[in-house]
2 protein chains.
Amino acid sequence: MSIVFDNVFEIHCENVVERSAIGRHAPVKSRNSGVFCATVSEVMTPQTGIPGIANAQQPQSPGEPSSARVTINDVARAAQVSVSTVSKVVNGRYGVAPATIAKVHQVISELGYETSLVASSLRSTRTNIIGILVAEFEPFSLGLLNGISATLRGTQYDLMAYAGNLSPEGHAGWERRSLSRLGGTLIDGAIIVTPTVEVPHSSVPVVAIDPHAGPEMPIAIDVDNHSGAYTATRHLLDLGHRRIGHIRGRGDLASAHLREQGYRQALEEAGVEFDGQLSHDGDYQHDAAVQAAHDLLDLPQPPTAIFAANDLSALAALQVAGERGLQVPGDLSIIGFDDIPAAAQSSPPLSTVRQPLHEMGAQAVNMLLGLLAGEDVRSPGHLPAVLVPRETTGPARTS
Amino acid sequence: MSIVFDNVFEIHCENVVERSAIGRHAPVKSRNSGVFCATVSEVMTPQTGIPGIANAQQPQSPGEPSSARVTINDVARAAQVSVSTVSKVVNGRYGVAPATIAKVHQVISELGYETSLVASSLRSTRTNIIGILVAEFEPFSLGLLNGISATLRGTQYDLMAYAGNLSPEGHAGWERRSLSRLGGTLIDGAIIVTPTVEVPHSSVPVVAIDPHAGPEMPIAIDVDNHSGAYTATRHLLDLGHRRIGHIRGRGDLASAHLREQGYRQALEEAGVEFDGQLSHDGDYQHDAAVQAAHDLLDLPQPPTAIFAANDLSALAALQVAGERGLQVPGDLSIIGFDDIPAAAQSSPPLSTVRQPLHEMGAQAVNMLLGLLAGEDVRSPGHLPAVLVPRETTGPARTS
DNA sequence: CAGGTCATGTCAATCGTTTTCGATAACGTT
DNA sequence: AACGTTATCGAAAACGATTGACATGACCTG
């Protein structure tokens with residue numbers, strides 16, 4: 001198996017058709033115009049003589065798609081034990097002799113038995129599926145997804161993804177499907193990354209991830225906005241800057257306030273008096289940030305550095321600086337917050353402070369697993385944002 | 001419900017706790033240090049007098065998390081019909097009197113019954129889940145995911161996501177979990193976006209999405225690499241460029257060849273003779289592209305425009321141009337391929353040719369649904385790449 | 001009015017597991 | 001030698017739905 005990336009957005013498949021040593025090449029059916037729509041059938045290779053169970057249907061046309069699934073009954077029969085025993089072996093429960101265990105395992109691998117998740121879910125009332133609700137698949141959820149799926153690997157759980165972008169048909173689809181699943185029968189627990197007002201009637205444990213929670217909202221996992229902003233500002237101060245502008249985030253979001261507070265605290269600790277003129281309105285969006293950057297730079301005594309409440313705003317400021325013929329970081333240092341992918345791609349690459357998305361996802365999973373295990377989970381606290389100095393920050397001019 | 005984005009990477013939650021009018025505020029349990037880990041219990045409000053079914057357990061402490069799930073039996077009993085009838089009503093099958101249907105529906109909504117997907121899957125041998133296998137959650141799969149999940153909405157299917165990045169523990173996890181699911185019992189069909197060599201023993205229909213398939217590989221869905229490259233090159237030609245460089249993609253990938261062929265065909269049709277010096281090695285990666293760009297620009301007669309086989313390479317070229325003090329597009333026009341998110345963020349924003357990821361995802365779903373319905377699906381052919389002219393391409397200097 | 005059709009419903013088997021509980025045999029103890 | 005303990009295993013009842021076969025009237029036809 002080899003995986004080849006064209007950075008992060010190109011994927012290459014070398015070969016998708018079955019090449020396993022045992023079995024044989026799977027038949028590719030319905031192959032019109034170079035299309036690959038195959039129904040690869042499982043080919044069984046019973047090596048012990050279990051009559052009439054695996055090879056009952058083997059028509060002349062090789063490899064019909066069907067082929068009765070191997071059940072626990074088949075295994076039990078072949079191993080000459082009861083289904084209960086097979087179940088015990090499969091689930092590693094106590095009370096079966098070593099010899100029996102070995103035999104059952106052998107038969108299982110010979111028959112290629114795989115336990116039916118559906119059937120076992122029905123009986124055990126756990127589906128071993130956790131759901132994630134995102135508003136949309138975008139870079140933010142993406143980082144989380146990677147963390148979540150990586151953490152889930154190695155556990156018994158699979159990940160069901162619900163995207164609730166409400167573009168075309170309103171949110172009828174989302175509401176009826178995704179949210180109903182929370183109270184439904186399919187998932188054991190959920191991680192929500194959506195700005196929904198209500199999570200109705202959930203009968204399963206839920207963990208919320210949210211970088212921009214409102215002040216009154218209970219939070220599960222988020223980044224330490226305050227200390228991240230502090231770090232960013234401190235970075236600027238350490239480079240000798242004293243007039244440091246700030247482009248704020250959305251005023252109704254807690255993160256924006258926390259980030260501004262971090263900024264002000266850093267200034268204060270450095271003995272730099274806060275100048276209201278230097279903290280300018282923004283809303284985390286591009287346009288407002290452009291305006292803010294202009295206003296900042298139009299000041300009679302403009303800042304030598306800007307801390308923007310998020311990368312998008314920082315990128316906007318970077319663009320404004322370019323338009324004005326300012327050298328970055330020569331004439332103006334800029335630092336953002338989030339470390340979105342585009343931050344590394346700008347020219348010059350943007351200094352910023354990173355949200356540990358992967359880690360946040362991992363923490364969310366761990367919390368959820370704890371809840372599912374009935375443990376008394378506790379919040380990991382705010383996750384640290386780490387400084388990512390790149391090339392938009394440099395020493396203050398000593399003139 | 002309100003959704004607020006800080007562009008595409010910030011999500012804001014206003015309130016996650018239940019606020020439904022019926023029922024009551026759900027209890028938030030385990031609330032240490034501002035954490036939100038709630039088990040919101042479904043509160044039933046039986047309005048007809050169905051004795052002893054919904055309110056059996058109602059301890060003094062309000063809202064215990066549990067509460068026996070209401071099953072089809074409960075509904076049947078309450079509606080005074082048989083379970084078969086309820087089943088028929090739920091599944092809209094023929095043979096139930098209108099009055100009965102109404103009654104059952106009423107009871108269902110009163111009791112808040114939701115069919116157990118697990119149980120119905122067991123009997124009907126369909127799980128109504130389709131799986132997607134991605135190598136990693138990155139921008140490419142992201143676009144697909146959006147298309148896929150949007151298309152899936154409105155169908156009966158849910159989406160199970162498997163990421164197979166093989167970072168930490170090798171690919172043991174991926175192999176044993178994700179791929180085994182293909183032959184397993186959980187999903188009805190799969191869309192694979194992974195560079196795996198083997199898809200072993202799949203007993204379900206599979207559709208492959210792949211932008212960079214090797215020449216011999218059967219393909220389900222991909223973009224028209226040839227015509228996309230043709231379009232990009234043509235764009236440059238239309239702007240008056242005649243010396244057009246090309247930074248190639250990975251030599252072992254079909255897409256790279258197709259893109260180069262498209263480039264050469266456009267030149268040919270415009271009566272511009274192909275100059276081998278102008279087509280330079282690359283591998284879709286940043287570093288090689290930087291080298292290629294330098295080589296191209298070091299030519300005694302350097303190109304006035306460059307078509308890079310992907311955006312990453314184009315961005316690299318853009319950076320090289322900047323380092324060399326070249327104005328883009330004044331001195332040099334650049335166009336890429338893919339339209340990755342970073343393309344819109346560069347300065348100046350990168351002209352490129354877009355892969356219709358959303359559409360590709362939708363097509364994949366439609367093909368898969370067709371296969372699942374037993375239809376004779378056929379490939380939609382290569383999807384068109386569309387020109388996205390931004391600001392890195394301009395008229396050729398007439399000197 | 002006997003027999004047939006149609007519209008409605010119900011019965012009971014079934015899907016593949018898990019899990020409780022009892023049966024059996026082997027063994028060690030007095 | 002009789003009895004109590006273990007260790008091992010199987011029988012059978014769930015789990016919650018689907019489904020085809022059948023039952024029951026009502027209604028129609030000739």
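Treat the numbers as computed from the prediction; the structure is a model and nothing was measured. Numbered from 1 within each chain, the chains take letters A, B, ... in sequence-line order.
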Rounded interatomic separation in angstrom, taking [atom1] from [X] and [atom2] from [N]:
X	N	atom1	atom2	result
B/Asn73	C/dT10	CG	C1'	14 Å
A/Leu122	D/dA14	CG	P	14 Å
B/Glu114	D/dG16	CD	P	15 Å
B/Ile72	C/dC11	CD1	P	14 Å
B/Leu186	C/dT17	CG	P	13 Å

Side chains of B/Ser121 and B/Asn128: closer than 4.5 Å at any heavy-atom pair?
no
Pick from [options]: which one makes a side chain to side chain contact (heavy atoms under 4.5 Å, CB included) with [X]?
X	options	value
A/Val83	A/Val75, A/Asn73, A/Asp74, A/Thr71	A/Asn73
A/Val81	A/Val107, A/Val89, A/Thr100	A/Thr100
B/Leu159	B/Val365, B/Ile130, B/Ile187, B/Ile191	B/Ile130

Considering every strand and a 4.0 Å limit on heavy-atom distances, what is the contact class for [X]: base, sugar-phosphate, or nothing?
X	result
B/Ser84	base
A/Ser116	sugar-phosphate
A/Ser121	nothing

Could you check A/Thr85 against B/Thr85 and say which one's nearest nucleotide on DNA chain D is further toward the 5' end?
A/Thr85
Classify the side chain of B/Arg123 and the base of D/dT18 as holding, or not holding, a donor-acceptor pair under 3.5 Å.
yes
Winner on side-chain proximity to B/Thr100, out of D/dT8, C/dG9, C/dT17, is C/dG9
Using the side-chain heavy atoms of A/Lys88, tell me which of these nucleotides is nearest: C/dT10, D/dC9, C/dG16.
D/dC9
